[in-house]
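Below is one structure, written out as structure tokens; the observations come after it.
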Number of protein chains: 2
Amino acid sequence: MTLAETLADLRHQTVAGRHAETGLWVSGVLRERIAAGQLPPGTKLSEEPLCEALGVSRNTLREAFSTLSAERIVTRIPNRGVFVARPTADDIREIYRVRRYLEPAALAYTLTDEVAGPILDRLRQAVEQARAARAAGSIPGMAGANQEFHAGIVALTGSERLNRLMAQVLAEMRLVFRSMDEDEHFHAPYVDDNARVVELLGAGRQSDAAALLTAYLRRAEAQLLSALAEPGR
Amino acid sequence: MTLAETLADLRHQTVAGRHAETGLWVSGVLRERIAAGQLPPGTKLSEEPLCEALGVSRNTLREAFSTLSAERIVTRIPNRGVFVARPTADDIREIYRVRRYLEPAALAYTLTDEVAGPILDRLRQAVEQARAARAAGSIPGMAGANQEFHAGIVALTGSERLNRLMAQVLAEMRLVFRSMDEDEHFHAPYVDDNARVVELLGAGRQSDAAALLTAYLRRAEAQLLSALAEPGR
DNA sequence: TCTTTCAGATTGTTGAACAATCCGTCGAAG
DNA sequence: CTTCGACGGATTGTTCAACAATCTGAAAGA
């Protein structure tokens, strides 16, 4: 069975018989593959081979490209094609600019009410998971738990749009880590910072938590930017 | 000359000869028409008539639909079609949730540096424009100036993504006003509030400005929600 | 009155075709 | 030897026509 048939088959298992979801399915598959690192930053996504591999038409594939392009997971260059996004230094600055507004605001402006309760648990769980991953030496585990933590912070807002924006930003962060294999010792120091943030938040010291997080984000940004400037790239 | 020919002609004047921009052009035209109120909320956008009117193929039109749907200007119901969005009460709550996080954060967390200078002018100009519109009794003028003011606030962040998010939210706000013709006396009271916000911001009292804006946004939300609950709808 | 069925209309998806653009190669001029 | 421009192949952008899937509304039946 060829790759094309395998994927087309997968599709029939996944969305068998359903109408009006092919484009979504395609964008979902590509998102996964990119997040998993199977399609590294810079990879060209040629239309014809991909169509055959996925078992869909060019039109449908292009619809998926539109979606991913809007999410910045993929870069479309007119008349040249689409490529898996390779974040630049400016992209990193933009990502952290967004995070520096969104995350502290989520901490500071959210009243500790019925919404915050379940999410506090979610945050504590993410911290626990990160600690376990650190103990096990699992870098992907730490990265995942860290993303879950920051997604949880924005979830405090209860806003669907802000959550979606944060999800996109975190997806772009994954591309940053794949662009430079600077995953090694990046996450470890922040596990304890995350724990401290939850602690402060649980104690009702919201503005302290926000301040800590702001400093934290500035440090992380600087670290990534200097890593990007290194000989590695 | 039929409507179809008129629009197709307009297209040739606008993007004559250019490749790879038809989809953008279509989404732009629809965005305009919707913002201008020529296509009121709830209007069904049938594919075939629109294709003919715009002089593009169904595929291209559907690409534009994807864009507008992602921006929430249009609602796509699978196998039923796309409609000009008609914001619900929950949508209004979501809009103001986003604004209550974004706008105060933009005021509070932005240092008064070289970025803030030009934008302060922009804000003052918007206030001036709103006053002129109020004096002239122009409701669209006040609405426009008000939108420009709030867009300017988020522009303080210097973030492209936050600016885009705010632009989408403001576009949805226009749909809210068109859903219920509650434009009458809505904007007038806020002109002076806007002026006060700029004043506080110029004096370096950022957190006071943010607090004022927060209260302001809560009031506006409540006003719109109660207007929506009235017999008018 | 309520359900069921059935056509007609509309959307979802495909495949093929053509136009526009880009890329690399080749040849000519300097 | 280098630089520049023309040419051809490959890829993307867009259109068109067809068919499959789904919805809508009205007629037929219980």
Side-chain angles (χ1 to χ4, degrees), chain A residues 2 4-5 7-30 39 42-70 73-85, chain B residues 2 4-5 7-30 39 42-70 73-85:
Chain A
T2 70
E5 291 171 296
L7 284 175
D9 215 56
L10 174 63
R11 173 187 166 200
H12 284 57
Q13 290 174 20
T14 311
V15 291
R18 289 205 216 154
H19 205 54
E21 304 194 1
T22 315
L24 254 73
W25 177 78
V26 172
S27 59
V29 169
L30 292 178
L39 298 169
T43 305
K44 171 159 188 179
L45 303 176
S46 297
E47 297 190 349
E48 207 184 332
L50 256 186
C51 286
E52 188 160 355
L54 294 167
V56 300
S57 76
R58 275 182 66 212
N59 284 320
T60 302
L61 178 64
R62 288 169 62 78
E63 183 186 327
F65 279 167
S66 292
T67 304
L68 298 175
S69 169
I73 291 174
V74 128
T75 304
R76 170 170 250 153
I77 306 179
N79 297 311
R80 300 239 342 236
V82 311
F83 304 81
V84 178
Chain B
T2 71
E5 291 171 296
L7 285 175
D9 215 54
L10 173 64
R11 173 185 166 201
H12 283 55
Q13 291 174 18
T14 310
V15 291
R18 288 204 217 156
H19 204 55
E21 305 195 359
T22 315
L24 254 74
W25 176 80
V26 172
S27 57
V29 169
L30 291 177
L39 298 169
T43 305
K44 171 159 189 179
L45 302 176
S46 297
E47 297 190 349
E48 207 186 333
L50 256 186
C51 284
E52 188 162 354
L54 294 167
V56 300
S57 75
R58 274 181 67 209
N59 286 320
T60 303
L61 178 63
R62 288 168 63 79
E63 183 186 327
F65 279 166
S66 292
T67 305
L68 298 176
S69 169
I73 291 174
V74 128
T75 303
R76 169 170 251 152
I77 306 179
N79 297 312
R80 301 241 341 239
V82 311
F83 304 81
V84 178

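Here is how names work: the chains are called A, B, and so on, in the same order as the sequence lines, proteins then strands, and each is numbered from 1. Note that the structure is predicted; figures quoted are calculated from it, not measured.
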Check: Distance check: side-chain N/O of A:Arg62 vs OP1/OP2 of D:dG13, anything under 4.0 Å?
Finding: yes

Rounded to whole Å, the CD-P distance (A:Glu48 to C:dA16) equals 10 Å

Among the nucleotides C:dT13, C:dT11, D:dT12, whichever has the atom closest to the side chain of B:Asn59 is C:dT13

Of A:Pro49 and B:Arg58, the one whose nearest nucleotide on DNA chain D sits closer to the 5' end is A:Pro49

B:Phe65 atom CZ is separated from C:dT11 atom P, nearest whole Å, by 8 Å

Among the nucleotides D:dG13, C:dT10, D:dC16, whichever has the atom closest to the side chain of B:Lys44 is C:dT10

Taken to the nearest whole Å, CZ/A:Arg76 to P/D:dT11 is 16 Å

Here the distance between atom C1' of C:dT11 and atom CG of B:Leu61, to the nearest Å, is 12 Å

Rounded to the nearest 0.5 Å, the OG1 atom of A:Thr67 sits from the CD1 atom of A:Ile73 at a distance of 10.0 Å

Taking C:dG12, D:dT11, D:dA17 as options, the one with an atom nearest any side-chain atom of B:Glu47 is C:dG12

Checking D:dT12, C:dG12, D:dT15 against the side chain of B:Thr60 (C-beta onward), the nearest is D:dT15

With a 4.0 Å limit, can you tell me whether A:Arg80 has a side-chain N or O closer than that to the phosphate oxygens OP1/OP2 of C:dC23?
yes

Against the side chain of A:Thr22, the closest entry in C:dT13, D:dC16, C:dC22 is C:dT13

inquiry  = Counting C-beta onward and ignoring hydrogens, is there a side-chain heavy-atom pair between B:Phe65 and B:Leu50 closer than 4.5 Å?
reply    = yes

When rounded to whole Å, the CG to P distance for the pair A:Asn79 and C:dA20 reads 11 Å

Separation between CD (B:Glu47) and OG (B:Ser57), nearest 0.5 Å, reads 10.0 Å

Rounded to whole Å, the CZ-C1' distance (A:Phe83 to D:dT12) equals 11 Å

A:Glu21 atom CD is separated from C:dG12 atom C1', nearest whole Å, by 11 Å

Whole-Å distance, B:Ile77 CD1 to D:dC23 P, equals 11 Å

Answer whether the closest heavy-atom distance between the side chains of A:Leu45 and A:Val84 falls below 4.5 Å.
yes

Separation between CD (B:Glu52) and CG (B:Leu61), nearest 0.5 Å, reads 12.5 Å

With the side chain defined as heavy atoms from C-beta on, B:Val56 is closest, among C:dG12, D:dT12, D:dT15, to D:dT15

